Amino acid sequence: MATAKQYDADSIKILEGLEAVRKRPGMYIGSTDKRGLHHLAWEIIDNCIDEIINGYGDTIKIRLNEDGSLMVADNGRGVPIGKHASGKSAPEVIYTVLHAGGKFEEGNYKVSGGLHGVGASVVNALSEWMDVTIYRDGKISNIRFKNGGEVASPLKQIGESKKTGTCVTFKPNYEIFKNCQFSFSTLCERMQESAFLINKLTVELEQASENKKNVYHYDNGIISFVEYINEEKKTLHEVVPIHGVKNGIEVDIALQYTDTYNESILSFVNNVKTTDGGSHEVGFKTGLTKVFNDYARNNGILKVKDTNFDGSDVREGLTAVINLKIPEKILQFEGQTKGKLGTPEARPVVEAVVYDTLKFYLEENREYALAIVEKMGKSKFAREAARKAREEARKGKSKKEARSLSDKLTPPQYRNPKINELFIVEGNSAGGTAKSSRDRKFQGVLPLRGKILNTEKATLQDAFKNEEINTMIHCIGAGVGAEFDVKDINYDKVIIMTDADVDGAHIQCLLLTFFYRFMRPLIEEGHLYIAMPPLFKVEEGKSINYFYTDEDYKEFMKTKDSSKCRVQRYKGLGEMNPEPLRVTTMAPETRNLIKVSITDAALAEKRVSILMGDSVEPRKEWINENVVFSLEDDFKI
Ligand code: 28F
């Protein structure tokens, strides 16, 4: 007779613990959307990284399987396979008891993917099944779980091997992560970052379905990281390595100036990305500004009567990666996503290390120093000129200019920045149709005549000279560049509405680049959208259907007798009548809007240069891969 399942008290407690995770996954992994799904991967991967950081093993292998399961393996010591005090095997405890297995030996640097090690048992709880194979003590041991942590097959030896390491394969419960799947590029991007940060680490990623395999290993660490970010740009000097240790805090920085106008500063603490900056970035910026102003004054480049370079001058065109190691006991993260470093001691330490190292570097590399400082001088000049231009504009010198700017705009009837929408439309004919389709109470239309300036390489001053750009700045009404203040925008939604053809896509890219470079908070705060005009209109007797993609149209026509259908392929907005344009593209209750969000601002700058490059292919791939098309109102007509 099969023995009754051994459901003693602590087994019940364990299952209840995992049940709690399934009830409120958001409490453990933040959300159950795409980000939450990837947190499952980060949790397992961070255990590998933790093992490698502690000096055991140097390789992580990741395979995305066709069935949606993920395999992660390291060549560390292998999870212990002995008996736990409870009588269960150590692996069973580690993978079924919440917060067990948090293995940070005292004094080591805490490593974790921003969730601060909730433990692999959370991953198990949210998985359809999990398979753990451990290479240790000359044996190969295996334990399997199903339905969120139930033991499917207890720990047993399945072979012998001299290798050591841990291999975890799990299939998330896709009932919890509806319509989500692992993104190979997201896994690659994060593992490439880890390889940059940990010189001895090699990561191999494989996507079974695509037969794709990537390997990342960088002996030169963050120096290679800066070279990677700058690979498409003209640089002013070799990457500068900065290293120092003070008060137990280890500072590693790599920086390089390029001929672009943007700054890309990435910072990490104990290999956790600090997306919201913090005391280390403050120290870095302060030290940098001080050392360049001192150098410029001591070498007669800034005269006594000149004002100082400001932070934006000193950081124009700068790419920098900051990697700090801070002991656990003084480590403080801030902000609800823990993406900001608190630890006050970090600011003066980073500032001093940056100042001392760069002071020496500039004195030892005069030609590079002069090239960098000369660029700062130009930035300062342009900034002061732009400010003067704006002041004049404000002083009303350009009353007629303001009138000429705004006579292109057909504004909404009432001023209401909380609900008003601005449609930026390509071409006057489409502009005309849009004006008659709009809801005049809250929708404004600004027709753009032809291409706008490519702001990939343009300075703020060039941008000001371009009338189309000037008009947009004026209509949105919140300034531009460093002065842009998203709280002052006149519209809740700025909607790019262009034809669904290559020209339209190019205009879209130019506008995306402009907003990314000179009004980035507009995107970050979720005010920038792309309208989706239909490609086809199919009339069948009384019923009218619109289709936004070739696939949907072909799918629909398979079910129809085409002789009874009148099909119209819209070549451009200008061809549409007001009513169809209103219903399909402008009326909030029936349109589809795409919200533009940049998944990773610091690296997006690199992708924008791909966007503005000559070959169209990377551009299309970039848009599909990285501009997150989240359908705002998915009402289908
Ligand atoms: C594919 C995911 O999880 N690797 C891991 C180890 C190694 C040890 C360990 C892990 C519970 C509380 C100690 C081995 N030998 N890859 C992984 N590798 N966990 S997870 O120990 C967990 C115990 O602390 C390990 C000696 N000490 C630690």
Side-chain angles (χ1 to χ4, degrees), residues 10 14 17 29 37-65 69-113 115-127 129-145 149 155 158 161-172 182 187 190-191 194-195 198 200-206 216 271 328:
D10 75 321
I14 286 170
I29 56 168
L37 176 70
H38 286 84
H39 270 307
L40 302 186
W42 307 144
E43 192 42 54
I44 302 295
I45 292 166
D46 283 339
N47 284 334
C48 299
I49 290 186
D50 199 339
E51 181 67 359
I52 289 166
I53 289 274
N54 284 316
Y56 306 100
D58 58 8
T59 304
I60 298 174
K61 289 185 180 160
I62 296 170
R63 190 178 61 237
L64 183 43
N65 297 316
S69 66
L70 191 73
M71 185 220 70
V72 183
D74 66 43
N75 60 346
R77 293 167 291 185
V79 169
I81 51 176
K83 277 276 173 252
H84 182 263
S86 63
K88 297 172 189 301
S89 69
E92 183 176 334
V93 172
I94 287 174
Y95 290 96
T96 60
V97 176
L98 284 187
H99 305 305
K103 46 188 195 39
F104 312 112
E105 281 91 26
E106 213 12 71
N108 278 297
Y109 295 108
K110 188 174 176 53
V111 167
S112 71
L115 280 170
H116 304 302
V118 289
S121 51
V122 168
V123 181
N124 198 2
L126 300 174
S127 293
W129 52 264
M130 180 182 274
D131 178 295
V132 182
T133 302
I134 299 162
Y135 299 81
R136 187 184 168 93
D137 308 337
K139 291 185 286 189
I140 306 175
S141 311
N142 175 276
I143 181 168
R144 285 183 58 82
F145 305 92
L155 188 74
I158 58 169
S161 162
K162 291 213 180 353
K163 281 186 350 177
T164 61
T166 308
C167 175
V168 172
T169 308
F170 67 97
K171 179 173 182 182
F182 283 118
L187 294 168
R190 172 73 168 263
M191 296 324 292
S194 301
I198 304 164
K200 68 175 183 178
L201 173 63
T202 299
V203 188
E204 295 177 15
L205 293 114
E206 200 185 328
Y216 299 116
N271 306 312
E328 179 70 16

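All ligand and atom numbering here is 1-based and tracks the order in the structure. Keep in mind that what you see is a predicted model, and the values were worked out from it rather than measured. Throughout, residue positions are numbered sequentially from 1 according to the sequence presented.
Side-chain atoms of F170 and L126, non-hydrogen and from C-beta on, never get closer than 4.5 Å to each other.
With E43, R77, E51 as candidates, the residue nearest to atom 27 (N) of ligand 1 on a non-hydrogen basis is R77.
With ligand atoms numbered from 1 in the order given, ligand 1 contributes 14 (C), 15 (N) to contacts under 4.0 Å with heavy atoms of R136. Within ligand 1, the atoms closer than 4.0 Å to a non-hydrogen atom of C48 are 1 (C), 2 (C), 16 (N), numbered from 1 in the order shown. Taking a cut-off of under 4.0 Å to the non-hydrogen atoms of V72, the atoms of ligand 1 that pass are 1 (C). Here is the list of ligand 1 atoms found below 4.0 Å of a heavy atom in D74: 4 (N), 5 (C), 16 (N), 17 (C).
A donor-acceptor pair is defined here as one N or O able to donate and one able to accept, closer than 3.5 Å; such a pair exists between the side chain of T164 and the backbone of G76. A distance-only check finds a donor-acceptor pair linking the side chain of D74 to the backbone of T166 [under 3.5 Å].
Ligand 1 is never approached by G76 to a heavy-atom distance shorter than 4.0 Å. Distances shorter than 4.0 angstrom occur between a heavy atom of G78 and an atom of ligand 1.
With a 4.0 Å heavy-atom cut-off, ligand 1 is reached by no atom of K61.
Contacts of F182 classified as ring pair (Phe, Tyr, Trp, His ring centres under 6.0 Å), with partners at least two apart in sequence or in another chain: H38.
Heavy atoms of other residues, nucleotides or ligands lying less than 6.0 angstrom from NZ of K171 number more than 12.
Each of T169, I140, V79 was scored for a side-chain contact (heavy atoms from CB on, under 4.5 Å) with T133, with one residue passing: I140.
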